[in-house]
Each structure stands twice: as structure tokens, then as C-alpha cells.
2 protein chains.
Amino acid sequence: MEERRYKHVQNFLKLQIQKGYYVVGSYLPSENELCSTFSITRTTARKALEELLKEGFIDRQHGKGSIVRERRKSLGLLNVKGFSEAVGKDVSTVFLQHPKPGLWDPAIHFTISETELNESCVHFARLRRVGEVPVMIEYNWLADTGLKGFPGIDFIEGSFFKTLSQHYHIEITGSEHELRAENATKNIAALLKIPHDSPILHISVKFHTSNNNFFIYSELYCNTENYPVGNSYHL
Amino acid sequence: MEERRYKHVQNFLKLQIQKGYYVVGSYLPSENELCSTFSITRTTARKALEELLKEGFIDRQHGKGSIVRERRKSLGLLNVKGFSEAVGKDVSTVFLQHPKPGLWDPAIHFTISETELNESCVHFARLRRVGEVPVMIEYNWLADTGLKGFPGIDFIEGSFFKTLSQHYHIEITGSEHELRAENATKNIAALLKIPHDSPILHISVKFHTSNNNFFIYSELYCNTENYPVGNSYHL
DNA sequence: CGTTTTAACTTGTACGTACAAGTTAAAAAC
DNA sequence: GTTTTTAACTTGTACGTACAAGTTAAAACG
């Protein structure tokens, strides 16, 4: 069975974007250019671009072209409000634990499949601050299969997802969340520099990726007193 | 300027679904049927159906047809896990305040536009329980313009959104959330039957609708001890 | 009667054409 | 030199055709 023509063009362009040949804000080739370079009709070229639009890689502008965009914004991911995308970028991230092989932790709230349990896992933890104030602790686990040479490389622009995309061409395709309000444990309270038993927001996340059967698990602990967690969804 | 042909078909089918002429699980007319009834080509019929798919009204199945689906599931809305969609449906909702004209409440976290402030608003509040255990309190506000005869009608299947869709053909098109972990106030604690100062999850929501400039504001207070709040997003 | 084949449906992909509509920069008019 | 017009691009809509591929029930076969 042969790969669909539109799928071929779609994957070609996606790879170019992932590799950084087209930076955010730049324009992809026009529909007619794609037609001649791939020997296809506009119907097929349009279908490929339409799919990239659905996946959140591009925006399309009538009369102008297809513009590469920050994909993260198309995902309904939770984010600390006024964090990372905020204007005042006095935001810092420190590693509590650099990526390192380890064991699947019982702290993970989502159910881990048999296949994953049989593999070894990589763990890392980070603390995120606004100014000098710590606002979030983030524990992450993932199966270390397929990501050759992973624990040992630096994150591109400090972003794990960006590294996953550019180095391994793996994209986030979805996520599941579980939200709980809890009293901070002694450990968490100390790291967030808040009184013991302060209310904190505990978020358990299971990220789905373009690589089937490969998931990323995160447990987040947020001090929402000054920086609430935000989320937005639009059709 | 004339309405686009595909848009006409799209809106026609959408209205049929909203009015309940096509129930969830039933099939829409096939592409070829749409072609003959509307005197259009398959390209146009497909475009209309493709749009309904994007909006979450239908699923499409190769070789079978377009099936009407529960739209809620396509929206990245927060929901109480094991609630409403759960198997054991011993779930109940009681009104703390039936829909009634009132004032815009300062408890609303999102900014309310000038236009909205100049209009009067409708308020209602509900308590949701699993068995005998209260798990969530929900305060809602909306501008009462356009929804003629609203405060006074019963909710269809107890759902405000379903009522909005079937009676007024207004759909939820997106939402913004702000999440906070807080200590329960005396009032909230009493309603949720939990000790004063227990940690609760406070969610502020601004729903966007198909009716531009019309929003719904909610403030939710959840006891997540036994029923965490869930959310899932898929491409 | 039970199985296999066929035929008639469905949606999916891909071809080609034509014109509408938004954008932009060069050419023409003033 | 400034403004207006035009022309050359872009994407959007809509036409029509053909075949591929998934689904299902009736027809043919054993």
C-alpha cells in the first residue's frame, strides 16, 4: 500500500518545521509552488496544508500564505498564568533532578501499562520561579526506549517538548489531567517556601504523543496564591 | 454578499441537530443525498460535513456515514471525574439558587466588559453530589439579553448547555479557566460539609459562545478529596 | 442451509478547471 | 512626489470527473 500523496507532503513539511528549516513566523511555500515541486494538484496541496493547520503547526491567511506558528498555543495545555508567555520574563527554572534512569514512581496517579513497567524509565524534576518566588514543582517520568542518548543532552531553549520535537520528531498529541487541592507536604512546602499545610494545587498529567504507546507522566505541585494556573480552549 | 453554499448546508444541518431532529447516534444524509437535495457537488457537501466535524457535532466513518455525536466530548472542558459520565449514576444536582435576575457579582474573577456591565444579569447556583456527598458548588452568571423568557424554563435533561443549544441555538465555542487551591470559607465548607479551612479547588471559568459578545461566567468550588477534577485534550 | 461472491451503497483520495476575494508591490496617473 | 490604478501574487469556493477503499445486504453458489 502506497502512502497518500497529501500525507507525504504533510510529513515532509512537518519535518522541515520540526528541524527548524522554517522558523516560527516564516511562510511555507505557496499552494502553487507545492503543486509544481511535488507534481500534485492544488486539491492535494491544500489537503496537506489543511492537515498541518489541524495539527497546529501553521496558520493560514487569506491572500497571504501559510505561516508557521508556535504549536504549543494550539494545545489545551495547562500553564501557569503570567508564566513563560508573560511580558515580564523574570522567570527561571532550576533542576531539582537532572534526567536520570530510575524507577517508575508510585507517586504517578495515572495507570502505567505493562509494557512501560517492563521498560526502564527516565526521571527529572524542576522547580519554576517567578523572580525569587518558587511557584511550581514538576516531576516527570517517561520510558527511555527510543530516545537514544537522551539523558545527557541539554534542553533546547529549556523546553523538554521542543527538544522532543526537534531531536526526535515526537509531538504532543493530547493530554489527560487530574486536579486536586491538597495540603502541602513538608517536603513540598519547604521547596515552595510556604507554611506547612498551605493549600496547593496538585495536577497529574498523562501526555499522549505522536509515538503510539509512548507517554509522559508529570506530577505538578503549584502555589496558586499569586500565580493561578490557566487554561484556555478555543474551537 | 451571498452566503457560502457550504456554510448554508452546514448551518442547515447544525440547526437540525440542535433541534433534535437527528438524535445522537443517528446518521446524517449521505454526501450524495446532500448533493441532490441542495443541488451542489460533492466537494461542497464534503466541506460542510468537514466543518461540522471540526465543530464536534459529528463523527465520520469511512464506508458508513456521518454520525451525530455528543458535542461536549469534543470540548476541552473540565469535569468532575467519575461524575455524569460515570457508570454508577447516583449523581444529583440541587439548585441553591434558581435562575433569577440580579447583579454582576464581584466574586467573578474574569473581567466583565462595559457592555455587559450595562446590561442586567441572570444568576443561578447549583450543588452537585455523588450519593449523599456534596462535591461541587457552581455559581453562574450571564447577561440576560437575547435569551427571552429564560429565567422560568426548565433545563433540558438538567443541562444548561443543552438548553442553550436546543432553545437558543447557542453553542459553547471555547473557554478560559483559572485554577486556584484555597482554604474553604465558612460558607463553602458548610455547603460541602467539610471542615473549615479544608483545601478546595477553586475554578473560575469564562465560556465563549457562538453568539459573539455573549459569555457565561462560572465560579466552581470543588472538594477533590474523593472526586478529582478531570480534563482531557486530544488532537 | 451455510458460505461465498457480488453489487450497491458509503466516505476517501486525486485529478483538472474556473472564478472570487484578500494582499502587495510595481506601474500609471495626477 | 503623491496618489491611484493595475497586475501579479496569495488563499477560498465551487464546479465536474474518476477511481480507491470500507461497509453491508442481497444474490449466487456449494
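A, B, ... follow the sequence lines: proteins, then strands. Residue 1 opens every chain.
The side chain of A:R4 contributes no N or O atom lying less than 4.0 Å from OP1 or OP2 of C:dA14. Between A:R42 and C:dG16 there is no side-chain N or O to OP1 or OP2 distance below 4.0 Å. Residue A:K64 places no side-chain N or O under 4.0 Å from the OP1 or OP2 atom of C:dG22. Within the structure, a side-chain polar atom (N or O) of B:N32 is placed less than 4.0 Å from OP1 or OP2 of C:dT10. Between B:R46 and D:dA14 there is no side-chain polar atom (N or O) within less than 4.0 angstrom of OP1 or OP2. Of the side-chain N and O atoms in B:K47, none sit less than 4.0 angstrom from OP1 or OP2 of D:dA14.
The CG atom of B:L28 sits 20 Å away from the P atom of C:dC9 (whole-angstrom rounding). What separates NZ of B:K7 from P of D:dA14 is a distance of 11 Å, to the nearest Å. Rounded to an integer number of Å, the gap from B:E3 CD to D:dT13 C1' is 13 Å. Between the C1' atom of C:dG22 and the NE2 atom of A:H62 lies a distance of 5 Å, rounded to the nearest Å. Counting to the nearest Å, the P atom of C:dG12 and the CD atom of A:E50 are 14 Å from each other. For the pair B:R5 CZ and C:dA18 C1', the interatomic distance rounds to 14 Å; values are reported in whole Å. The CD atom of B:E51 sits 11 Å away from the P atom of D:dG12 (whole-angstrom rounding). Taking atom CD on A:E31 and atom C1' on C:dT17, their separation rounds to 15 Å, with Å as the unit.
Ring-centre distance between B:F38 and B:F12: below the 6.0 Å cut-off. Taking the six-membered ring for Trp and the full ring otherwise, B:F95 and B:F155 have centroids separated by under 6.0 Å.
C:dG22 is paired with D:dC9 under the criterion used here, namely a Watson-Crick or G-U wobble arrangement in which both key atom distances are under 3.5 Å.
Residue B:I40 is the one, among B:I40 and B:Y27, whose nearest nucleotide of DNA chain D lies closer to the 5' end (criterion: closest heavy atom). With the nearest nucleotide of DNA chain C identified for both A:T41 and B:L49, B:L49 has the one nearer the 5' end.
Within 6.0 Å of atom OH in B:Y21, 12 or fewer heavy atoms from other residues, nucleotides or ligands are found, so the atom counts as exposed in its surroundings.
A:K14 has no carboxylate O lying under 4.0 Å from a charged side-chain N of A:E51, or vice versa, which leaves the two without a salt bridge.
Of the listed nucleotides (C:dC15, D:dG12, D:dA14), D:dA14 has the atom at the smallest distance from the side chain of B:Y6.
Within the nucleic acid shown, B:T44 comes within 4.0 Å of sugar-phosphate atoms alone, with no base atom in reach, counting heavy atoms only. When heavy atoms are screened at a 4.0 angstrom cut-off, A:S30 is found touching the sugar-phosphate backbone but no base atom.
A:H177 places no side-chain N or O within donor-acceptor distance of the main-chain N or O of B:S232, the cut-off being under 3.5 Å.
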